[in-house]
Each structure stands twice: as structure tokens, then as C-alpha cells.
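Letters go in sequence order (proteins before strands), and every chain restarts at 1.
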Amino acid sequence: MDIIGTSLKRVDAFDKVTGKAKYTDDLVSAHALIAKVLHSTIANGWVKEFDLSEAWKVKGVVDIVTCFDVPDIQFPTAGHPWSTDPKHQDIADRKLLNARVRCYADDIAAVIAEDAIAAEEAVRKIKVTYEEYAPILTVEDAMKEGAVAIHEERPNNIVVKSTYEIGKFDEAIQEEGLIKVVGDYETPVVSHCHIESANSFAYMENDKIVVVSSTQIPHIVRRICSQAFGVGFGKIRIIKPYIGGGFGNKQDALTEPLNAFLTTRVGGRPVKLAYTREETFASTRTRHAMQFHIESYIRKDGSFAARTIKAYSNQGGYASHAHALVANAVNAFRMMYPVGAIKSEAYTVYTNLPTAGAMRAYGIPQIGFALEAHVDDIARQTGLDPIMLRKQNMMKLGYVDPITTITCHSTGLEECIDRGEKYLDYSRKRLAYASQSGPIRKGVGMAIFCYKTGVYPISLETSACRMILNQDGSLQMQIGATEIGQGADTVFAMMAAQTIGVTVDKVHVVSKQDTDVTPYDTGAYASRQTYVSGMAVKKTAESFRKKILDFAGFMLKKDPWDLDIKDNNIVHTNKDEKLLSVADVAIESCYSLTNSTHIAAEESHHCTDNTYAFGVCFTEVEVDIPMCQVKVLDIINVHDSGKIINMQTARGQVHGGMSMGLGYGLYEHLKFDPKTGQMLNDNLLDYKLMTAIDTPELHADFVQTNDPTGPYGNKSLGEPPTIPVAPAIRNAVLNATGVAINAAPLHPQRMFEAFTGAGLIK
Amino acid sequence: MANKDIHCIVNGKERVFSVDVRSSLSDMLRGKAGLDSIKHGCDVGECGACTVLIDGRPFNSCIYMAIWAEGKTILTLEGLSDTKGAISDIQQAFIDEGAVQCGFCTPGFIMASIPIIEKDSPSSREEIRRQISGNLCRCTGYEHIVDAIEKTQKKRIEQKKG
Ligand code: FES
Ligand code: FES
């Protein structure tokens, strides 16, 4: 029976609709101590001294730890696989608590108390003396001659500058008859807004520090905790229960290293460190704001001759994932529309904004907005058709990226475009809407993207899985890869069942990761899980199946090669007649007096390939010019994510990504007080998150290719749906009004300025 | 700080809780009754993850004082399954329609949808969307949640017609 490709109900759904699913805060001991962090009220400067006298007087305070008490060790927080090559290691630029304040709400001290009220009160009573510098909030200010260095290791505030050039750009642009199109684009700082805030609790047991945390990356967090205060890896144990979303924010060490340290200060008593919503906004991670300058040279026939980009990424106070994001962005700039001559210059720059880190699609929503806006600008300035222009220049099957060597093993992009075009009747409407007048106008827009599935060859890709046979013929499956809401456990169960030959109900997924017992995997990020960890599941299932068949062969006195497993039974290869059940084999293997053996398998997979997923968004909008409002009338994403493992959960991923993309295009942006650097909308009322009523009906469709490098023909899907939505909306507004708005989101203020500038509002 | 006894009916049972008068209803129900389905996404009435029904109406229990619950009838997600553990139609619909991803918002959404599915006449999708707009979900884009509510409402209306 084919399980792959069905709409199997999620394996965790029952527990989640009954409240049985346990998240970190559901597991904390009622007697845990409560820790609260004191966050700085300046964005740039130094903590000179603390006056703790009043804070210590608060009843219930157990300990107060300041930035002068923590180990003098700088450590990195990014959830990357560690590189053993010092040149490629993440930047170690923060301590558990920091005297050098690099952003507003930086972590400078912590209180541990018997209850939350005491902890909060004591935090409020700590008096801090600062030496304060003017906050540096923009890349321009940070790069100015003489700007204060936010980290002494980077005197010019440039975290990393990188360049590449393919072909000879300066020669290529000399070609006769080229049309030059130039554009500047920018994207905002936004927040992940997983509904479960960042939180953990830590305690000591068996001379180990145990941290239970809402994280995407338990094994990496163990390494980071170890580095943060010099305790051996084996002395730290991270447990990851169900988590209420992550979207990349929890692909970073957040509360864990400090909390691991705090429990050691109180003799290993449990300490809970749960960030409030406001702290999660201001003191965890954000999506990098980026600015792009793009120049393109186009031949009369529409083919690209040369392209160049300059990119600036606002890192905020600490490196976190640092340059990896904008590097990913400028790589996608090259990959999406391959051209003979292309060059790039990219900067990641420290500022005093909150630290930016990983967020769904890792730099690609940023470049996607800029590049796809730019392609429509080209179409407009040259009079070429936006779809033809894209089809002519976009990545084709067999493309080998000249720098990363990532190869296009499969592509359904052209068909994705055709389906979206047809669904929306785009081409006809685009022409019909091109010359409207009046205050309310309609427009259509589209955007495409390519997305590399995993992180190879930039980073290590490794994953492991373990299967253990139970006496009833069912199995436990442990995977290092984490369920974070995306449905990983469900698709892994489907993969295991299909490859072993049992029904899915026989596969018991151990959803919780515990670094003491769970096989190694770097975690949930990129959109690597079905692709990389899926291969570990497949390999383990194959070897597990073989062990069952070997034992069945022993029982039946037959050659195992002549046997197969189908629907929980042992059968002759190519026949359906049941010889034994898997349960019979399991019982005998456990209790045989002559040949007892414990059937289990564990395999790891080191992935040394990568592949591109593709997709497109088409949307129709209505623009109310005087009110500066955009209403999305219709929207569809069509994806080539290879073979779809679970159709229903795949649609769910697309809807969620589209929703995040709509927010990115229309509403979401964090605002900061220019004088202090304080975040102004650090809550879910002032930060505009999409609600159900803001959301149009979302349409999702798939062009299923069969990728030869994916374990089941599959490619990435988790992150990509977010990418093309914002630029499609921007292009639709362009089609409706003729006004090119080059910054996201398209909120009323921005549209007012743009429409006024264009003379549409007098 | 002073404690007070609060008498209320929780998931069909009469209960008395001695609570700190400063506590929220959500803290009381999580802390004293172990009703962990109630989630905290913001603690200040923004996200709806802590939604419970009080006398049949949905409230954010994080900003509802525990002492206000005196004499009230409260229903949480745990109260939707029967004593044998069989789940309700709306829970089943959330499973069937794929309305669950990370699941953190799910208890709040299911509770918020109960007054909608109990209506006698069908709601448009637009109406359903409006009524669940006090609950935030970052994972699903709401599409499958609206499906689950719409289908359950329809089914119930048909059942009522006989
Ligand atoms: S936790 Fe109550 S509304 Fe968010
Ligand atoms: S399912 Fe994750 S927030 Fe709704």
C-alpha cells in the first residue's frame, strides 16, 4: 500500500486537540524557582555598576547574578552545525550576561526567587549606572567613519563583508544595445511570533545539568551550553518536548545557556526562565532588515546580460546567524536567474537593534521581495511581459551553481507558473488593469522563487534515526530531527511504515528529544527534515526491515531474500499469502530459547547533496488609493516541492507560510524609538499579526516532480511558501496604480507617501 | 497576600479552590486543577491561547481574575471529552481537517469555536473568521481552522433538523 502521498492524519493531532500534548511549561515542577532577567534600558554603552541593596531586601529572593558574576567566556548562539574549522565557526560575541550593552533590552542581570512576583519585584529594584552612547540603529550610521564600535573585535562594525563575481561584469555591460534597470529595495525587521514564547527550565540530576526547553535544536543547544560556560558536552542534557512554534527563533540558543548556569548557582534546584511576550519580542531574535541596490542589463530580446547587487544586512547587537543570511540572499540572487556576468557585494553590520537571527526562509523573503519587485520593474521599463521575462531567464533543469555547485536536479517551475497564471487569468487581467483611473483600482501580481532545500555544502548535514521492535510487531522510532509544528513526526512515520512494510499505526514516534538518548541530528531548520532526516529514516527502515526478514528466514528456514514484508505480514516476495506476522517474528526474536535477539536498527545519514524547490505566488488585489489600503481579493501559491509526502500537512504548511508572507507584505514591522533604540511595538496588539479576518481564502497547489536526490522524491516545503507573497502583492499594487513601492510592508503610511509622490493623492 | 476560597463548576464538577486574590483564572486552573490545555501566549489578553468558556461564553482566562469565577460554570478543553475519553465532534474536525500544527493555539481555538458551532443557522466563512479573530495562530493561516468549524457547524445543524 502506498502511504506516501496520502493525507494521513497527524500522529500528534489527538494529543493536541485534547490538551494531552505537553509543552515545556506544562512540565515544570510547581516548586521550581523563578528566574527573571533584568534587561538594559539603554541600547549602547556599558553597565558601570549595580546597586542591589533594595533588590536583596525583597522577600523570596534566592540569588542575584549580574554581568560581573558570569564566566568570562564569549560564546556563539547560532543554531548551526559546529564547524571544526576555526575560520567557519560562528562568531562568539556574547557572555551569559553582558556589561557591554549592545541593544535595548540586552541581558545584564538575573534574579532567582521563590516566586514570579518576588523575582519581578527584585528586578525592578535593581539600580543600574550606565555609561551611555548614542544608539546606532541603521547600517549607514554604523558604517560611518568614527562610529562607536559595538564590538571591539569589529572596529568598523562590519561583521562580515563578502563578494563574488562570475564572468567579467565590466566587459559584459559594454555589449551594444543593453538596457539598464536600477532599483533600490528594502525589507523590515519582523518578529517570528510563535505563540509559545521562549522558555525553559533547568535543574541538576546525576551531576548533570538538565535543560528542558522549547527549542528546534536540542543537540546544538547542548553544544552551545557547553561552550557558554565550559562544561563538558556529556554533562549537559537537553530535553525538547512539544513546542509551540519556532520559525527559526528557536534555532538559536535563547534562554538555555543562562538558565543552565542559573541552576548551578542554586545547588541544582529547578529554575524556570520563561520570557514574557514582550521579552520574546525585544530580547530574542528578529528577521534581518536588508537593503539592496540592484542593477540589471537586459538585451532587447529580454535575456539578461549582466546583473549586480549590493546588499546590507542589519545584524543588530549580536552576531547570531550573522552573515549566513545575507550570503544566502545574494546566492539566491545569482541562482534564480543565472547569467554570464554577475557580481555581488554583501555586508552584515552590527547596530544597536535587537539581534537578528534565523527566520523562516533565511534571507530569501528579503531577496525575494527585492528581486521579484526588480524583475517587474524591468518588465515595466522594457515593455516585456513579466511572465515571459521570468521564463526566459530563470533557472532551468541541470543548472549547476558556479559557487556552491548545487545542481537543479528537478524543476516544475514552468508548470507552477502556468497553473498560477491560469488560475488567476493573470495575463488578461494584467493588461485590463494597466490603465485604470479612479480611487479604487484592481491589480494582479506574481513572483517566483527558488529555494535550496538543505544547507549542504555550506554546512554539515547529518542526521540519525533508531527503530526498536516491540513484541506486538510495532516499533518505536526515535529521530534526532524535531517536530516543531511542521508535521515532521507524521511524515517520518509515513516514511518508516512505507519502507518497512507495516501500517502507520505500528509506528510509534517518540516525539520528545532527549540528548542523552536521542540519536544525533542538528535539528529543525532550513527545510531539511524530509530531505536529510528523511533519508536517515529510510536507511534505518531498510536495515530494520532486513533484520526482521533475517529472523523470519531463520524461523521459516527460508532464504530472507525470498521474503518481503507487506501490511504487517511476512510474505514470499511478489506474493500476498501470509507466512507469519511481524508480531510473530517479534515475539519469537524476544523469547526464543535458541536464538533470542533484540531487533533494533540505527543508521545515520551524512547528506552530501542539495536540490532546489520552486514556486510561485499569484495574487489579485484591490487598492483604495485615498484610504491607502490594499485588499487581497484572491491568492494562490503553486509549489514544486518534489513528491508530496502528506498532501494535507503540505497544504497546511503552504497556508501558514502564505499567511506569514501576507503579514510581511502588508503589515508587519517592528518600530524603534530613534532616540533610545527601544522597541515600540513589542506586543501582539501593536505588532500587527494576521488574524483570521485579515486573511483571504488561501489557495495552495502543487506540481509534483520526483527529485532523484530526495529520499522519496521530495524537496523542501516548510519555509518556501512565505517567500513569494510579499513581492506578488507589491507587483499587484504596481499593476493597479503604476506606483512602484520598493519597501515592505505596504502599510498605509508608506502608500500614502508613495501615492502622494506619484500625484495620485493631492 | 490574602487567599480566598472560590467555588465554581469546572468541567461539570463542583470545585473549591483557595487562591491568591491576585491570581488569574488561567493560573488557578493550570496551577490548582492541572488543566494544562490552557496555554499562555501573552498573558495579557492578546492571543486567545488561554480561552475558556465561562457560563458558555469565551473569555481570555489570563485576564479574568480568579476571584471573579465565584459561582461560575467553566468549561476547558479537558471538559470536551467524555468520561471514557471519547472526543467531541469539533475536536475530531480539527484532526480531520488538518487544523492542528504546533498545537499551541489549538485549545483556545476549539474553545472559541464552541459558541459558533452551537448556532442554529449557518455562519458564512467571513462570520466565522470574524468570530475567531481574537485568537492568533502563526502556523496554519487559519484556512483549515475555518474549515473545521464550518463543517462541524453544518453537521450539527443537519443533526438538529433530524
Ligand atoms: S495568554 Fe491569554 S490572551 Fe494570550
Ligand atoms: S498551530 Fe501553531 S500557533 Fe496555531
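For the atom pair A:Tyr687 OH and A:Arg277 CZ, the distance stands at 11.0 Å (nearest 0.5 Å). In this structure, the separation between CZ on A:Phe281 and CG on A:Asn249 is 10.5 Å, given to the nearest 0.5 Å. Put simply, CD1 on B:Ile54 and CZ on B:Phe59 are 5.5 Å apart, with the number rounded to the nearest 0.5 Å.
Interface residue A:Pro696: only backbone heavy atoms are found under 4.5 Å from chain B. With a threshold of 4.5 angstrom between heavy atoms, A:Lys22 approaches chain B through side-chain atoms but not through N, CA, C or O. Using a 4.5 Å cut-off between heavy atoms, A:Phe247 touches chain B through its side chain atoms alone. Interface remark: A:Leu698 contributes backbone and side-chain atoms alike to the contact with chain B (heavy atom separation under 4.5 Å). For chain A, the nearby part of B:Val44 is the side chain; its heavy atoms alone come within less than 4.5 Å. If you measure heavy-atom distances from A:Met658 to chain B, you find no contacts under 4.5 Å at all. For A:Asp15, no part sits under 4.5 Å from any heavy atom of chain B, backbone or side chain. For B:Ile110, the part sitting under 4.5 Å from any heavy atom of chain A is the side chain, from C-beta outward, and nothing else. Using a 4.5 Å cut-off between heavy atoms, A:Leu685 contacts chain B through both its backbone and its side chain. Of the atoms belonging to A:Thr695, heavy atoms from both backbone and side chain fall under 4.5 Å from chain B. With a threshold of 4.5 angstrom between heavy atoms, B:Asp36 approaches chain A through its backbone and through its side chain. Residue contact with chain A, scored on non-hydrogen atoms closer than 4.5 Å, involves the side chain of B:Tyr142 exclusively. Only the side chain of A:Glu278 comes within less than 4.5 Å of a heavy atom of chain B; its backbone N, CA, C and O stay farther away. For chain A, the nearby parts of B:Ser133 are the backbone and the side chain; heavy atoms of each come within less than 4.5 Å. Of the two parts of A:Ala30, neither the backbone nor the side chain holds a non-hydrogen atom closer than 4.5 Å to a non-hydrogen atom of chain B.
By number of non-hydrogen pairs under 4.5 angstrom with chain B, the leading residue of A:Leu689, A:Asp12, A:Val17 is A:Val17. Annotation: maximal heavy-atom pairing with chain A below 4.5 Å, among B:Ser37, B:Cys105, B:Gly34, B:Cys139, occurs at B:Cys139. Counting heavy-atom pairs closer than 4.5 Å to chain A, the top-ranked of the candidates B:Arg30, B:Glu78, B:Lys39 is B:Arg30. For the options A:Leu662, A:Thr276, A:Asp694, A:Ile243, heavy-atom pairs under 4.5 Å to chain B are most numerous at A:Ile243. The candidate with the highest count of non-hydrogen atom pairs below 4.5 Å against chain B, out of A:Thr649, A:Val654, A:Asn683, A:Ile484, is A:Asn683. The greatest number of non-hydrogen atom pairs below 4.5 Å with chain A, out of B:Glu126, B:Gln131, B:Glu97, is found for B:Glu97. Interface check for chain A: of the options B:Arg130, B:Glu143, B:Arg138, the most heavy-atom pairs under 4.5 Å are formed by B:Arg138. Comparing B:Thr76, B:Ile87, B:Ile132, B:Asp96 by how many heavy-atom pairs each has under 4.5 Å with chain A, the most go to B:Asp96. Note on A:Leu684, A:Asp25, A:Thr490, A:Thr280: by heavy-atom pairs under 4.5 Å with chain B, the leading option is A:Leu684. Contact count versus chain B (heavy atoms, under 4.5 Å) is highest, among A:Gly485, A:Gly663, A:Ala21, for A:Gly485. With chain B as partner, the option from A:Ala700, A:Gly244, A:Ser659 having the largest number of non-hydrogen pairs under 4.5 angstrom is A:Gly244.
Closest non-hydrogen pair, B:Ile145 versus B:Phe109, comes out as CG2-CD2, 3.7 Å.
Residues B:Ile116 and B:Glu127 form no side-chain contact, since every pair of their non-hydrogen atoms from C-beta on lies 4.5 Å or further apart. Contact check for B:Asn11 versus B:Leu75: side-chain heavy atoms found under the 4.5 Å cut-off. When side chains are defined from C-beta on, B:Asp147 counts as touching B:His144, because their heavy atoms get closer than 4.5 Å. At a threshold of 4.5 Å between non-hydrogen side-chain atoms, the residues A:Leu717 and A:Thr530 do not count as touching.
Side chains of A:Ser214 and A:Glu196: a donor-acceptor N/O pair is present below 3.5 angstrom, by distance only. Side-chain N/O atoms of A:Asn637 and A:His639 include a donor and acceptor closer than 3.5 Å. Between the side chains of A:Asp634 and A:Tyr423, a donor-acceptor pair is found at a separation under 3.5 Å. No hydrogens or angles considered: nothing links the side chains of B:Thr152 and B:Asp89 as a donor-acceptor pair under 3.5 Å. There is a side-chain donor-acceptor pair under 3.5 Å between A:Ser527 and A:Glu719.
Around the CZ atom of B:Arg125, the shell of radius 6.0 Å holds more than 12 heavy atoms that belong to other residues, nucleotides or ligands.
Sorted by first then second residue, the side-chain hydrogen bond (donor to acceptor under 3.5 Å, both in side chains) pairs that include residues 44-59 of chain B, not counting sequence neighbours, are B:Thr51-B:Asn135.
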